Asker: 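Next up is a structure, given as structure tokens.
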Amino acid sequence: MGSSDNTVGLALAVASSAFVGGSFILKKIGLMRAGKLGVSAGGGGYTYLLEPLWWAGLITMLLGEVANCVAYVFAPAVLVTPLGALSIIVSSVLAHFVLKEHLNKLGVLGCISCIVGSVVVVLHAPEENMPNSVEEIWDLATQPAFLAYALTTFVLVAMLVVFFEPRYGQKNILIYLGICSTMGSLTVVSIKAVGVAIKLTLDGTNQLFYPHTWLFVLVTVICGVSQLNYLNKALDTFDLAIVSPVYYVLFTTLTIVANGIMFKDGADQSLSSIASECCGLITILTGTILLHAAKEKKAASHAASPWPLDRGISWYISLGSENLLRNVEDDYFAAPQSSPTPV
């Protein structure tokens, strides 16, 4: 397993980001068109199911997720996971040109930070060491260090679900996203194991007869469903502008940690390369936060923009046969400009 496989994984990760980023635009256009023809999705309607562009967006997103899963087979998580931020750049740039959503200077700075960080990570990413069988992956999964990580994960998730979620789930974003991210790190590890099993099987070494293969499939399903469930809870409870960067930071960090423990990613790297990867990762995380901050700032500016009445309007009133032209200024018809001066 060498640099050529890293190149394949890199290409798949970049393609995944392009597909996922583009899918948001296609689905958005489809939802906008559907909203003009019937009840919008936000209003509980399902007209978008008849819109071809929405389905094109869904299929594009599925292709992106498949490419992302396959990328983990060829490249280490420290290379694949951070590149997910590129999907935000793709969607932001396409939204600027296609949907005419203005990308302000803060957003441009976020895009540049993500690109620079991604280049640094790619240049210093470790080479992937492909296991030769599912049994070898099982041996990696049952080593004391990873067992300790998995046990810590399950204990933490159990505590969050049983004790903290009922009390603080609706108030603290870290509850839902903590559960989602920790389970997500195990999802990625198990997906990688299943992907390796499929690749070896296609290469002529059948791995489907090993019970460990199906155990990894079971873990993928359970952890994946749990991850999506709590991500949906977080999105339903908190603003997207807050959920996205926090989730990205937690998920990326825990996924890199889990893969580093299990697959020994970066074990043969120099200290300078590891430090460069950390700097690249921090740069990507910063860019992601800046991009979402730009979106949040834009949303806030729209919400705070003055109502047309604040700028003054001409109000034409017909009373019987008489016409009365009144000019209404400020404060929505009501508040007096100043207190009357006492005589």
Side-chain angles (χ1 to χ4, degrees), residues 13-14 16-18 20-25 28 64 68 77-96 99 101-125 171-185 188 227-228 230-260 274-304:
V14 173
S16 171
S17 295
V20 173
S23 71
F24 288 125
I25 305 301
K28 177 72 172 180
N68 189 60
V78 71
L79 172 61
V80 176
T81 306
L83 293 181
L86 296 180
S87 64
I88 305 175
I89 298 178
V90 173
S91 62
S92 298
V93 173
L94 288 178
H96 177 79
L99 301 178
E101 295 182 0
H102 180 63
L103 186 63
N104 58 28
K105 294 180 180 179
L106 191 61
V108 173
L109 180 60
C111 290
I112 294 174
S113 297
C114 288
I115 293 173
V116 171
S118 299
V119 171
V120 173
V121 168
V122 169
L123 291 177
H124 296 87
K171 301 176 183 178
N172 193 325
I173 192 174
L174 294 178
I175 304 301
Y176 289 146
L177 293 185
I179 299 171
C180 176
S181 300
T182 50
M183 297 300 286
S185 66
V188 171
Q227 178 185 1
L228 292 176
Y230 282 96
L231 178 59
N232 287 333
K233 286 186 177 184
L235 290 171
D236 188 52
T237 307
F238 303 97
D239 292 339
L240 177 62
I242 300 176
V243 172
S244 295
V246 175
Y247 172 63
Y248 180 80
V249 170
L250 291 176
F251 175 72
T252 300
T253 302
L254 291 175
T255 298
I256 291 176
V257 170
N259 279 265
I274 295 175
S276 298
E277 286 178 19
C278 292
C279 291
L281 178 60
I282 292 173
T283 305
I284 294 174
L285 297 179
T286 303
T288 304
I289 294 173
L290 288 175
L291 276 169
H292 286 281
K295 293 180 181 179
E296 189 176 19
K297 181 179 179 181
K298 179 181 177 182
S301 64
H302 281 307

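Predicted, not measured: the structure shown is a model, and the values here were computed from it.
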Asker: What distance separates His124 NE2 from Leu79 CG, expressed to the nearest 0.5 Å?
Answerer: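 The CG atom of Leu79 is 13.0 Å from NE2 of His124, to the nearest 0.5 Å.
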Asker: Of the non-hydrogen atoms in Ser16 and Gly64, which two are nearest, and what is the gap between them?
Answerer: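 Smallest interatomic distance, heavy atoms only, reads OG-O, 2.6 Å.
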Asker: At their closest point, which heavy atom of Leu231 faces which heavy atom of Cys180, and how far apart are they?
Answerer: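 In terms of heavy atoms, the two residues are closest at CB-SG, 3.7 Å.
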Asker: Donor-acceptor pairs under 3.5 angstrom involving side-chain atoms of residues 113-122: please list them, not counting sequence neighbours.
Answerer:
from, atom 1, to, atom 2, distance (Å)
Ser113, OG, Leu109, O, 2.9
Ser118, OG, Cys114, O, 2.7

Asker: Say whether, by atom type as modelled, one donor and one acceptor occur between the side chain of Ser17 and the main chain of Leu83 under 3.5 angstrom.
Answerer: yes
Asker: If you measure from CG on Leu106 to SG on Cys111, what distance do you get to the nearest 0.5 Å?
Answerer: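 The SG atom of Cys111 is 10.0 Å from CG of Leu106, to the nearest 0.5 Å.
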Asker: Indicate yes or no: at least one non-hydrogen side-chain atom of Ile256 is less than 4.5 angstrom from one of Leu281.
Answerer: yes
Asker: Can you measure from CD1 (Ile88) to CG (Leu290) and round to the nearest 0.5 angstrom?
Answerer: 11.0 Å
Asker: Could you tell me which non-hydrogen atom of Ile25 sits nearest to which non-hydrogen atom of Ala95, and how far apart they are?
Answerer: CD1-N, 3.7 Å
Asker: Working to the nearest 0.5 angstrom, can you tell me the gap between Thr283 OG1 and Ile112 CD1?
Answerer: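 Reported to 0.5 Å precision, the distance equals 12.5 Å.
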Asker: Measuring from Leu291:CG to Thr286:OG1, what's the distance to the nearest 0.5 Å?
Answerer: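 If I round to the nearest 0.5 Å, the distance is 11.0 Å.
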Asker: Does Leu174 have any side chain to side chain contact (heavy atoms under 4.5 Å, CB included) partners at least two apart in sequence or in another chain, and if so, which?
Answerer: Asn172, Val246, Leu250
Asker: Indicate yes or no for a side-chain donor-acceptor contact from Asn259 to the backbone of Thr255 under 3.5 Å, with no hydrogens or angles considered.
Answerer: yes
Asker: Any donor-acceptor pair under 3.5 Å linking the side chain of Ser87 with the backbone of Gly84?
Answerer: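 Side chain of Ser87 to backbone of Gly84, a donor-acceptor pair under 3.5 Å: yes, one is there.
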Asker: Would a 4.5 Å heavy-atom cut-off, applied to side chains only, mark Tyr248 and Pro82 as touching?
Answerer: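 The answer is yes; the side chains approach within 4.5 Å.
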Asker: Calculate, to the nearest 0.5 Å, the distance between atoms CG and NZ belonging to Leu228 and Lys233 respectively.
Answerer: 13.0 Å
Asker: Side-chain contact, heavy-atom cut-off 4.5 Å: Leu94 with Phe24?
Answerer: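 Contact flag for Leu94/Phe24 side chains = no.
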Asker: For Thr182, which residues count as a side chain to side chain contact (heavy atoms under 4.5 Å, CB included) partner, sequence neighbours excluded?
Answerer: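 If we apply the side chain to side chain contact (heavy atoms under 4.5 Å, CB included) test to Thr182, skipping adjacent residues, the hits are Thr153, Leu156, Val157, Leu254.
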Asker: For Tyr247 and Ser181, work out which heavy atoms get closest and say how close.
Answerer: CD1-OG, 3.7 Å
